[in-house]
Chemist: 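Attaching a single structure in structure tokens format; questions to follow.
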Amino acid sequence: MHVNDIHGRYEVDGVNAFAALKGVSDEVGAALTLDAGDTFHGDSFSTVTEGESIARLMEASGIDATTPGNHDWSYGATRLDELDDRYDFSMLAANAVYADTGEPYFDNPYLLKTVRLEDEGGNEAGDAITIGVIGVIDEDFYSSTPLANVEGLRFADPAEAATRAATALREQGADIVICLTHNEDPQGLAQATSGIDAVISGHEHLAIDETVTAADGREVPVVEVPSSPSSDYFGVIGVLTLEIQKTDAGYAVASHTESQVPTTTCGGEDDAIVSLTEQIVSENSAMLNAVIGYSDQAYPYGVTQGTEPGGWERVRTEDTPIGHVVTGSYLALTGADLAFENAGGIRAGVPAGEVTAGDLISISPYGNTLATYELTGAQILETLERSLDISAACRDVLARQIAAIEAGEDPMQYSWPDNSGSVIVVGGATMQVAWGAPSGERIRSIAIDGEPLDGDRVYTVSMNSYLPGLADEYPAFASMVLVQEWGTCEEALRALVSETGWEERMRGLTGTVEYVAAGDSEEPSTPASPESPDTSGQSAGQGSAGQGAADAAGGSLPKTGDPSAWVALIGGAGALAAGSGVVAARRGGRRAGRRRAWCSWRRPYR
């Protein structure tokens, strides 16, 4: 049995997914139940306890081992080690090592388990074999979490670490070795290893079932179950069956069968897990339901809060009201001149009326901290222009996808940029942006505190702890000077929303973004408070963020503030998915020769 990328979820359409997992495991007599990462972080159910809510359900459902995903490090390495010590499942990451000694960070780099083979009828065949399980993480993920979370560690080459661990396991009597990995290229990993019989992966959020040839000539199955947005989080449970052949050299995998079972179609739920979940929900509710403040209106994450597509696409392609709430909280706490947030760091919206702790955790679930840095005006302008390049590429893809849906074609033939989550949401500036202008010239005017941006002046910029790690994307971040460290981003949101009249204060801090034609510009003036967003979620004081040319798409992008455009996109995608099932495509990646399968509606920020 295997799952991946549940991102702190425990329920799918009213079905307790952990109870279903245990029920299916008991029904099929699973030898092992494994999880391939991005497990403890993402939903307030889990983040309110720093992963412990999910860890308790993992133990109760009989999960044998997990490997940490990139988001699982968001609470810090020490927290993962605590969860590993407290619960029966094994935390496996053989290539997560101490930077100074190279020794494994977690106590157990692998797991050994003896199981009995069954015949085709499900009856015990008499032979007992030893299965070894190892875990490795994509080494590139070292920089995808704030560096403070992995301080003192490094991620070694995963293929080399997996091969070494496989050799050690076979020396200890393992007949079959399974590799758990959270990886952008699990097929490439499998091809580079020796001694591995099967790879169970996470991170891509895709349905993967392939067989590749490893470095030692083994034919290695590589499997992964889909997650949001190609399926619900925890919406699919994988059942990998390995046919074992006895040879003169021992045992080998002769073939495999991968079944991917929708969680909601599983049989009876385990009553004990249902009861435990209810207990955890009750324990968490007092913390999550605590009212932090009140909002006169909604600041949605998309047209309908929680709807995809229509949430993360907007934050990456236009100025949005929820972006002003987030950056406004940073400015209110730090007193900085500007505030930066990466679009991928905003994960939910603010409801009208009572705003709870759970609402705010959902907006900023990653545990990122806040700091202020010094950047010159020239560096700020360079950074924002680079961000607009990324955003323009996102807009082009979105326009192509919408056009494809309208033409009855597959929208996923057009892939979102991998760096779409790096688009910078900016607060504190009054800006005019022309999407149709050439790269590097899209900002037609920009003022801070009523004065035009001065290229030589040093400004203070507040940003989350993820952004400084994007120096390859934004070179100015490599040399910026740290001014002061603050608390978590979620604490900044709490501080703002708890104030009486916080919305008016936020509007006075965050500035405006206006979209103009390529040849237009106006002299910057003192920022006015943005008007309240209308019912479509478009800030009326910020211009029509969806207007302008989508140059590469050969036409204008539909207004992303227009709910009908998103309804058409969502409805068209749903109809397409219903008609064709999983949509597969191929695209190149960061490694030469890399090949990857794609499902419909893949999230560009993972």
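Only heavy atoms go into these numbers, but all of them, side chains included; no hydrogens, no water, no symmetry mates.
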Chemist: Counting only N and O atoms by type, is there a donor-acceptor contact under 3.5 Å from the side chain of Ser25 to the main-chain atoms of Leu21?
Modeler: no
Chemist: With a 4.0 Å cut-off on N to O distance, would you call Lys22 and Asp26 a salt bridge?
Modeler: yes
Chemist: May I ask you to decide if the ring planes of Tyr87 and Phe89 are parallel, tilted or perpendicular, using 30° and 60° as cut-offs?
Modeler: parallel
Chemist: Out of curiosity, Phe155 CZ to Asp157 CG, how far, rounded to the nearest 0.5 Å?
Modeler: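 Reported value, rounded in 0.5 Å steps: 13.5 Å.
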Chemist: Regarding Glu313 and Trp416, do their side chains bring together a donor and an acceptor under 3.5 Å, going by distance alone?
Modeler: no
Chemist: So, Asn4 versus His182: side-chain donor-acceptor pair below 3.5 Å or not?
Modeler: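 There is no such pair (donor and acceptor under 3.5 Å, judged by atom type) between the side chains of Asn4 and His182.
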Chemist: Step by step, work out the side-chain hydrogen bond (donor to acceptor under 3.5 Å, both in side chains) result for Asp209 and His256.
Modeler: CA-CA 10 Å; Asp209 180 7; His256 81 281; 2.8 Å; yes
Chemist: ring-ring contact (aromatic ring centres under 6.0 Å, His included) with Tyr110: which residues, sequence neighbours excluded?
Modeler: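 None.
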Chemist: Go through the structure and list residues passing side chain to side chain contact (heavy atoms under 4.5 Å, CB included) with Arg164, not counting sequence neighbours.
Modeler: Glu160, Ala161
Chemist: Ignoring hydrogens and angles, write down the donor-acceptor pairs under 3.5 Å from the side chains of residues 214-221, residues two or more places apart or on other chains.
Modeler:
residue, atom, partner, partner atom, Å
Asp216, OD1, Arg218, N, 3.2
Asp216, OD2, Gly195, N, 2.8
Asp216, OD2, Arg218, NE, 2.7
Arg218, NH1, Asp197, OD1, 3.0
Glu219, OE1, Thr213, OG1, 3.4
Glu219, OE2, Thr213, OG1, 2.7

Chemist: Working to the nearest 0.5 Å, report the span between CZ of Arg400 and CD1 of Ile405.
Modeler: 14.5 Å
Chemist: Could you walk me through whether Asp13 and Thr264 satisfy the side-chain hydrogen bond (donor to acceptor under 3.5 Å, both in side chains) test, starting with their C-alpha distance in whole Å, then the side-chain angles of each, then the deciding distance to 0.1 Å, before giving a yes or no?
Modeler: CA-CA 7 Å; Asp13 292 338; Thr264 55; 5.2 Å; no
Chemist: Answer with yes or no whether the side chains of Thr317 and Arg395 bring together a donor and an acceptor at under 3.5 Å.
Modeler: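 No, no side-chain donor-acceptor pair sits under 3.5 Å.
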Chemist: Could you verify whether a donor N or O on one side chain and an acceptor N or O on the other, from Asn183 and Ser201, lie under 3.5 Å apart?
Modeler: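 Note: Asn183 and Ser201 side chains miss the donor-acceptor criterion.
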Chemist: Angle between ring planes, Phe234 versus Phe18, binned at 30° and 60°: parallel, tilted or perpendicular?
Modeler: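 Aromatic pair Phe234/Phe18 classed perpendicular.
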Chemist: Enumerate the residue pairs fulfilling side chain to side chain donor-acceptor pair (under 3.5 Å) with a member in residues 90-104, sequence neighbours excluded, ordered by first and then second residue.
Modeler: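 For residues 90-104: none.
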Chemist: Do Glu52 and Arg86 sit within salt-bridge range, that is, some charged N less than 4.0 Å from a carboxylate O?
Modeler: yes
Chemist: For the residue pair Gln260 and Glu258, confirm or rule out a side-chain donor-acceptor distance under 3.5 Å.
Modeler: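 Side chains of Gln260 and Glu258: pair found under 3.5 Å.
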Chemist: Using 0.5 Å steps for rounding, measure from the CG atom of Asn108 to the CG atom of Asp84.
Modeler: 6.5 Å
Chemist: State the CG-CG distance between Asn149 and Leu80, to the nearest 0.5 angstrom.
Modeler: 9.0 Å
Chemist: Identify, with sequence neighbours excluded, every residue that meets ring-ring contact (aromatic ring centres under 6.0 Å, His included) alongside His41.
Modeler: Tyr75, Tyr366
Chemist: Indicate yes or no for a side-chain donor-acceptor contact from Asp72 to the backbone of Asp38 under 3.5 Å, with no hydrogens or angles considered.
Modeler: yes
Chemist: List the residues meeting salt bridge (charged side-chain N to carboxylate O under 4.0 Å, His left out) with Lys113, not counting sequence neighbours, and say none if there are none.
Modeler: Asp64
Chemist: Decide yes or no on side-chain contact (heavy atoms from CB on, under 4.5 Å) for Ile424 and Asn342, but give the supporting numbers first.
Modeler: CA-CA 5 Å; Ile424 289 179; Asn342 65 298; 5.8 Å; no
Chemist: Can you tell me how far CZ of Arg9 sits from OG1 of Thr39, rounded to the nearest 0.5 angstrom?
Modeler: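 So the OG1 of Thr39 and the CZ of Arg9 are separated by 12.0 Å.
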Chemist: How far does CD1 of Ile196 sit from CG of Leu189, to the nearest 0.5 angstrom?
Modeler: 8.0 Å
Chemist: Ignoring hydrogens and geometry beyond distance, is a side-chain donor-acceptor pair present between Ser227 and Asp5 at under 3.5 Å?
Modeler: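 Side chains of Ser227 and Asp5: no pair found under 3.5 Å.
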Chemist: Aromatic contact between His71 and His203, with the criterion being ring centroids under 6.0 Å apart: yes or no?
Modeler: no
